[in-house]
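In this chain, residues are counted from 1 in sequence order.
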Amino acid sequence: MTVTSIGDLAQSFRLRHDNSRLMGELSRLSGELSSGIASNLPQHLNGDFLSFTGFERGLKRAESYLTAIGEKKMEVDAAQSALSAIQSLAQEISGTLLTVPDTAAATLVDAATRDASGRFSAVLGTLNTQVGGRSLFAGVGTDGQAVSDSQTILSALELAIASAGAATAVEVEAVVAVWFGPGGDFDTLGYVGAPFSGTATGIAEGQSLEPLPRADDPRLRAVLSGLALGALLDRGTL
């Protein structure tokens with residue numbers, strides 16, 4: 001008969017215990033390797049959560065920056081496209097309008113002024129471009145239009161011209177320049193967006209993007225003023 005000593009039993013139990021412990025450790029390490037997450041975080045960090053908290057906070061801040069960059073890129077791309085379209089609309093008609101005083105052909109004058117009127121409406125429509133329900137050129141007033149429609153603006157200009165008693169081209173041009181200038185009626189009747197542009201958008205630590213230009217930017221006023229003169233000719237103001 002085989003006799004098993006107490007020492008042999010103890011060693012057998014010890015081997016079973018070690019084997020079970022090693023299998024559990026192997027399973028834990030395999031899980032951590034596949035998931036990238038420590039199973040016992042307090043033990044892994046030796047109870048020091050400050051570095052982990054800072055790392056997590058940095059990740060969340062980076063995620064917020066990425067979100068802001070994505071939204072801003074969409075707005076900037078749309079604004080750039082709109083401004084390029086406005087530039088093309090103005091440049092294409094400028095040469096034609098400059099030749100109007102040198103021609104006596106009524107049909108050519110009518111065609112040029114009619115073209116200017118259509119481009120004036122198109123520029124106003126472009127300035128009211130929205131992306132994701134947000135108006136691009138209305139400052140912080142993103143939930144509404146940036147400018148009034150062409151009928152509203154041209155009617156207001158005609159009233160201003162009549163009130164000033166302007167009869168010659170030079171006089172009409174002066175009235176239109178004042179109307180579109182800073183402090184003129186364009187500030188309240190033409191531009192209907194917010195008077196503020198908003199704040200810069202943070203895109204990284206210490207870096208930010210300035211807000212988009214508003215529709216009452218001096219350069220855009222100049223474009224609208226020039227096209228409005230052509231549109232007024234098309235309406236028979238002179």
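Scanning all heavy atoms of the two residues, the minimum distance from S121 to S150 falls at OG-OG, 3.0 Å. The two residues L157 and A228 have their closest heavy-atom pair at CD1-CB, 3.9 Å.
One hydrophobic cluster, built from ILVMFWY side chains closer than 4.5 Å, cannot hold both L224 and V192; they sit in different ones. When hydrophobic clusters are built by joining Ile, Leu, Val, Met, Phe, Trp and Tyr residues whose side-chain heavy atoms come closer than 4.5 Å, directly or via intermediates, L159 is not grouped with F120. Residues F196 and L127 do not share a hydrophobic cluster, clusters being chains of Ile/Leu/Val/Met/Phe/Trp/Tyr side chains in contact below 4.5 Å.
Under a 4.0 Å N-O distance rule, the pair K72/D77 does not qualify as a salt bridge.
Distance OH/Y191 to CZ/R214: 4.5 Å, rounded to 0.5 Å. The CD1 atom of I93 sits 13.0 Å away from atom OG of S88, with the distance rounded to the nearest 0.5 Å. Residue T129 holds its OG1 atom at 7.5 Å from CD1 of I86, rounded to the nearest 0.5 Å. Residue L89 holds its CG atom at 6.0 Å from OG1 of T126, rounded to the nearest 0.5 Å. Residue S94 holds its OG atom at 9.5 Å from CG of L227, rounded to the nearest 0.5 Å.
In this structure a side-chain-to-backbone donor-acceptor pair under 3.5 Å is missing from S117 to T113.
A search for salt bridge (charged side-chain N to carboxylate O under 4.0 Å, His left out) contacts involving R235 returns E158, not counting sequence neighbours. For D217, the salt bridge (charged side-chain N to carboxylate O under 4.0 Å, His left out) partners at least two apart in sequence or on another chain are R219. Partners of Q80 according to the side chain to side chain donor-acceptor pair (under 3.5 Å) rule, which considers only residues two or more places apart in sequence or in another chain, are S84. In this structure T168 satisfies the side chain to side chain contact (heavy atoms under 4.5 Å, CB included) test together with V170, E171, sequence neighbours excluded.
Put simply, the side chain of L154 reaches to within 4.5 Å of the side chain of L232, judged on heavy atoms. Counting only heavy atoms from C-beta outward, the side chains of D234 and D115 never approach each other to under 4.5 Å.
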Review item, side-chain donor-acceptor pairs of residues 172-181, under 3.5 Å, at least two apart:
{"from": "W179", "atom 1": "NE1", "to": "D185", "atom 2": "OD2", "distance (Å)": "3.4"}

Side-chain donor/acceptor pairs under 3.5 Å, residues 131-148, sequence neighbours excluded:
{"from": "R134", "atom 1": "NE", "to": "E75", "atom 2": "OE2", "distance (Å)": "3.2"}
{"from": "S135", "atom 1": "OG", "to": "G144", "atom 2": "O", "distance (Å)": "3.2"}
{"from": "S148", "atom 1": "OG", "to": "L189", "atom 2": "O", "distance (Å)": "2.7"}

*Apply the test side-chain contact (heavy atoms from CB on, under 4.5 Å) to residues R114 and V109: give CA-CA distance (whole Å), side-chain angles for both, the deciding distance (0.1 Å), then the verdict.*
CA-CA 8 Å; R114 190 162 51 249; V109 174; over 6 Å; no
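Residues D110 and T107 bring no donor and acceptor atom of their side chains to less than 3.5 Å of each other.
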